[in-house]
Asker: 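Have a look at the structure that comes next, please.
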Amino acid sequence: MSASSLVAESVWRSIESTRSELILLTVTDEQLSILHFLFGKNFERATRIVDQRGVKRISGEPSKRSIFQVVGESRRKEEYFCFAEHYCACYSFFYDIVNKGEQLCCKHQLAARLAAALGAGVEVKVSDEQLAQLLVKLQLLGMEAYSQ
């Protein structure tokens, strides 16, 4: 893990540790500055997505496993499924993160992580079976995209 990733992880944990179940937390100026330094314009875009309630956490019950569905900023308002720390289905994730290695994560991952840390996303509860079916559909769509 890179030094930047370690710093980012430390800030996320700090934000999450001060959150109460009853209230949305306010992020400190120092935390915002660090995240902006690490992620730049992607962080600004992610905060807009969170402010517009564009992050949905879909959680399976009873396992509590989850995936995020994040609205993009384009006019089409496409929705991308992502695991905040590891993967996003958007083009930027594959191009900028996987292929070029220029960024730590995409704006959708940042929005998902920020919403989770703040308790600011829309929560959707489904059965574990429904979540598994959703993940299988996503996998099949991904395989189709690579075969074309």
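Values in this document were obtained by computation on a predicted structure and should not be read as measured data.
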Asker: Got C82 and V70 here, is their nearest side-chain heavy-atom distance under 4.5 Å?
Answerer: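 Yes - at least one pair of side-chain heavy atoms lies under 4.5 Å apart.
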Asker: Would a 4.5 Å heavy-atom cut-off, applied to side chains only, mark F81 and I58 as touching?
Answerer: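 SC-SC contact between F81 and I58 confirmed.
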Asker: Below 4.5 Å, heavy atoms only, C-beta onward: do C106 and I97 meet side chain to side chain?
Answerer: yes
Asker: Tell me which pairs pass ring-ring contact (aromatic ring centres under 6.0 Å, His included) where either residue lies in residues 97-120, with sequence neighbours left out.
Answerer: Y80-H108
Asker: Which residue pairs pass the salt bridge (charged side-chain N to carboxylate O under 4.0 Å, His left out) test when at least one of the two sits in residues 34-43, sequence neighbours left out?
Answerer: none
Asker: So do the side chains of L114 and I49 get within less than 4.5 Å of each other, counting heavy atoms only?
Answerer: no
Asker: Could you tell me which residues satisfy side-chain hydrogen bond (donor to acceptor under 3.5 Å, both in side chains) with S10, sequence neighbours excluded, listed by chain and number?
Answerer: none
Asker: Which salt bridge (charged side-chain N to carboxylate O under 4.0 Å, His left out) pairs, counting each pair once, include a residue from residues 105-132, with sequence neighbours left out?
Answerer: E9-R113, E16-R113, E61-K125, E73-K107, E85-R113
Asker: Counting N and O atoms only, with roles assigned by atom type, does the side chain of R53 sit under 3.5 Å from a partner on the main chain of A120, one being a donor and the other an acceptor?
Answerer: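 Yes, R53 side chain to A120 backbone: donor-acceptor pair under 3.5 Å.
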Asker: For side chain to side chain contact (heavy atoms under 4.5 Å, CB included), just list the numbers for V122 and V55, CA-CA rounded to whole Å, side-chain angles, deciding distance to a tenth of an Å, and then say yes or no.
Answerer: CA-CA 6 Å; V122 176; V55 179; over 6 Å; no
Asker: Heavy-atom count check: over 12 atoms from other residues, nucleotides or ligands less than 6.0 Å from N99 CG?
Answerer: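 Enclosed.
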Asker: Tell me, please, which residues at least two apart from Q130 pass side-chain hydrogen bond (donor to acceptor under 3.5 Å, both in side chains).
Answerer: S127
Asker: With sequence neighbours left out, write down each residue that passes side chain to side chain contact (heavy atoms under 4.5 Å, CB included) with V71, or none if nothing qualifies.
Answerer: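 Listed in chain order: K77, E79.
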Asker: Does N42 reach the side chain of Q103, with side-chain heavy atoms less than 4.5 Å apart?
Answerer: yes
Asker: Rounded to the nearest 0.5 Å, how far apart are CG of L110 and OG1 of T47?
Answerer: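 So the CG of L110 and the OG1 of T47 are separated by 9.5 Å.
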Asker: Residues in side chain to side chain contact (heavy atoms under 4.5 Å, CB included) with R65, at least two apart?
Answerer: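 R65 satisfies side chain to side chain contact (heavy atoms under 4.5 Å, CB included) with S63, L131 once adjacent residues are dropped.
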Asker: Which residue pairs satisfy the ring-ring contact (aromatic ring centres under 6.0 Å, His included) criterion with at least one member in residues 27-73, sequence neighbours excluded?
Answerer: none
Asker: Please output the side-chain donor-acceptor pairs of residues 87-96 that fall under 3.5 Å, not counting sequence neighbours, one pair per line with the distance.
Answerer:
{"residue": "S92", "atom": "OG", "partner": "D96", "partner atom": "OD2", "Å": "2.9"}

Asker: So, T28 versus Q31: side-chain donor-acceptor pair below 3.5 Å or not?
Answerer: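 There is such a pair (donor and acceptor under 3.5 Å, judged by atom type) between the side chains of T28 and Q31.
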